[in-house]
Q: 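One structure is given below, represented as structure tokens, and several questions about it will come after.
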Amino acid sequence: MTTPRRGRIPQRRIAETVAAELRARILSGEDDYRLPTQDQLVQDFGVSYPSVREALRILETEGLVTVRRGNVGGAEVHRPDASSAAYHLGLALQGARVTLGDLAAGLQTLEPICAAECARREDRLEVVVPALEASIKGSVEKVEEGVTFTHAAREFHDLIVSFTPNTTIRYVVSTLVTLWSAQEEAWAEILTRRGEYPYQTERKEAVHTHERIVEEIAAGRAEEAERLYRLHLAATQALVLERYDNGVVNASSDMARLAIQSTQRARV
């Protein structure tokens, strides 16, 4: 039996190995983690510059780094969050031709659970309720401002999800909420331009329902908080679905991408 010839390892495989190590560092590192320079990476891994550049391109396609070219080049690290997850999930749903109605139905199943979990928190009166009340106050102040009100009202939903104790549920639902928020804010922008944004009475009713949900959470009535939240979610979604029920989830348009990127995620 002859010994197989030892060939050179393809550059792509080397790049994938380097990318895997750098990916692990980014995901396990601190929020302020910075990648070494390309010169340092070449020295650390003992590979060629083309392999390092290919590794960085792999990470760039995953959204984990942004490579700056030119005299001030370098690689900026991006730790995954709900916004980046929402964008990639949105692309998958858009590619599968998933409708807004389908996304809304999924949220009606999952998001109200978060309200119930908020009501079950022992520290809800010290942590959850004050933040929700502050959010409602911000919505009241913007009730006459159209698109700005939509953004403020969506923050209430973001907070409800962010206070959910279970990390897995929090991240999964937060991703869906971010994606829906992008669709709703794009919808609000279009209707405002047409002069068809919902009347002030409907906005005030949304604020009032938020106040009722907070009352149930404060009282620890989890089932009632979940029931009320589900009814409220269906009502607010209906405003969008009335016109775009059969529309496909869109994460690739400039408006949707901007809405996803600009969504400020609340964190416990």
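The shown structure was predicted, so the numbers you read here are calculated from the model rather than taken from an experiment.
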Q: Residues two or more places apart in sequence or in another chain: which of them pass side chain to side chain donor-acceptor pair (under 3.5 Å) with Arg227?
A: Glu224
Q: For Glu21, enumerate each residue passing the side-chain contact (heavy atoms from CB on, under 4.5 Å) test, keeping only those at least two apart in sequence or located in another chain.
A: Arg25, Phe45
Q: Would a distance-only check, ignoring hydrogens and angles, find a side-chain to backbone donor-acceptor pair under 3.5 Å from Ser84 to Pro80?
A: no
Q: Tell me the side-chain hydrogen bond (donor to acceptor under 3.5 Å, both in side chains) pairs involving residues 88-97, sequence neighbours left out?
A: Gln94-Ser252
Q: Hydrophobic cluster membership, with links at side-chain heavy-atom distances under 4.5 Å among I/L/V/M/F/W/Y: are Ile26 and Ile58 in one?
A: no
Q: Above 12 or not: heavy atoms from other molecules or residues under 6.0 Å from CD of Glu126?
A: yes
Q: Pairing donors with acceptors under 3.5 angstrom, does anything connect the side chains of Glu155 and Ser135?
A: yes
Q: In sequence, state the C-alpha distance, the side-chain angles, and the governing distance for Thr66 and His78, and then conclude on side-chain hydrogen bond (donor to acceptor under 3.5 Å, both in side chains).
A: CA-CA 8 Å; Thr66 297; His78 308 290; 2.6 Å; yes
Q: Which value, rounded to the nearest 0.5 Å, describes the distance between Glu111 atom CD and Ile160 atom CD1?
A: 8.5 Å
Q: Just jot down the side chain to side chain donor-acceptor pair (under 3.5 Å) partners of Glu211, sequence neighbours excluded, or say none.
A: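 Per chain and number, Glu211 pairs via side chain to side chain donor-acceptor pair (under 3.5 Å) with no residue.
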Q: Sequence neighbours excluded, which residues qualify as side-chain contact (heavy atoms from CB on, under 4.5 Å) partners of Val140?
A: Ile136, Val207
Q: Which distance, rounded to the nearest 0.5 Å, do you find between the OG of Ser139 and the NE2 of His151?
A: 10.0 Å
Q: What's the verdict on side chain to side chain contact (heavy atoms under 4.5 Å, CB included) for Ser48 and Val42, showing C-alpha distance, side-chain angles and the deciding distance?
A: CA-CA 6 Å; Ser48 66; Val42 167; over 6 Å; no
Q: Salt-bridge test for Glu226 and Arg230: reply yes if a basic N is under 4.0 Å from a carboxylate O, no otherwise.
A: yes
Q: Name all residues meeting the side chain to side chain donor-acceptor pair (under 3.5 Å) criterion together with Thr109; count only those two or more places apart in sequence or in a different chain, and write none if there are none.
A: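 Thr109 satisfies side chain to side chain donor-acceptor pair (under 3.5 Å) with no other residue.
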Q: Would you kindly say whether Thr178 and Thr175 are connected by a side-chain donor-acceptor distance under 3.5 Å?
A: no
Q: Between Arg23 and Glu62, is there a side-chain N and carboxylate O pair less than 4.0 Å apart?
A: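 Salt bridge: yes.
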Q: Sequence neighbours left out, what passes side chain to side chain donor-acceptor pair (under 3.5 Å) with Arg124? Give chain and number order.
A: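 Counting only residues at least two positions away or on another chain, Arg124 forms no side chain to side chain donor-acceptor pair (under 3.5 Å).
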Q: Are Leu103 and Ile113 grouped together when hydrophobic residues (ILVMFWY) are joined by side-chain heavy atoms under 4.5 angstrom apart?
A: no
Q: Would Arg57 and Glu54 pass as an ion pair if we require N to O under 4.0 Å?
A: yes
Q: Between Leu231 and Leu233, is there a shared hydrophobic cluster once you connect ILVMFWY residues whose side-chain heavy atoms come closer than 4.5 Å?
A: no
Q: Can you pull out every side-chain hydrogen bond (donor to acceptor under 3.5 Å, both in side chains) where at least one residue sits in residues 36-47? Sequence neighbours excluded, please.
A: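 For residues 36-47: Asp39-Tyr49, Gln40-Asp44.
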Q: Is it the case that more than 12 heavy atoms not belonging to Arg34 sit under 6.0 Å from its CZ atom?
A: no
Q: For His232 together with His157, are the ring centres under 6.0 Å from each other?
A: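 Here the rings of His232 and His157 have centres that are less than 6.0 Å from each other.
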Q: Which residues pass the ring-ring contact (aromatic ring centres under 6.0 Å, His included) test with Phe156, sequence neighbours left out?
A: His210
Q: For Leu35 and Leu56, run side chain to side chain contact (heavy atoms under 4.5 Å, CB included): C-alpha distance rounded to whole Å, both residues' side-chain angles, the deciding distance at 0.1 Å, then the answer.
A: CA-CA 10 Å; Leu35 283 178; Leu56 293 177; 3.9 Å; yes
Q: Val248, Leu179: one ILVMFWY side-chain cluster at the under-4.5 Å cut-off?
A: no
Q: For Thr167, which residues count as a side-chain contact (heavy atoms from CB on, under 4.5 Å) partner, sequence neighbours excluded?
A: Arg170, Tyr171
Q: Going by side-chain contact (heavy atoms from CB on, under 4.5 Å), name the residues that satisfy it together with Thr168, two or more places apart in sequence or in a different chain.
A: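 With sequence neighbours excluded, Thr168 shows a side-chain contact (heavy atoms from CB on, under 4.5 Å) to Asn166, Val172, given in chain and number order.
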Q: Charged N to carboxylate O below 4.0 Å: is that the case for Arg120 and Glu117?
A: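 Yes.
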Q: Show your working on side chain to side chain contact (heavy atoms under 4.5 Å, CB included) between Ile169 and Val161 and close with a plain yes or no.
A: CA-CA 9 Å; Ile169 292 176; Val161 177; over 6 Å; no
Q: What ring-ring contact (aromatic ring centres under 6.0 Å, His included) pairs are there with at least one residue in residues 93-118, not counting sequence neighbours?
A: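 Output for this query is empty, none listed.
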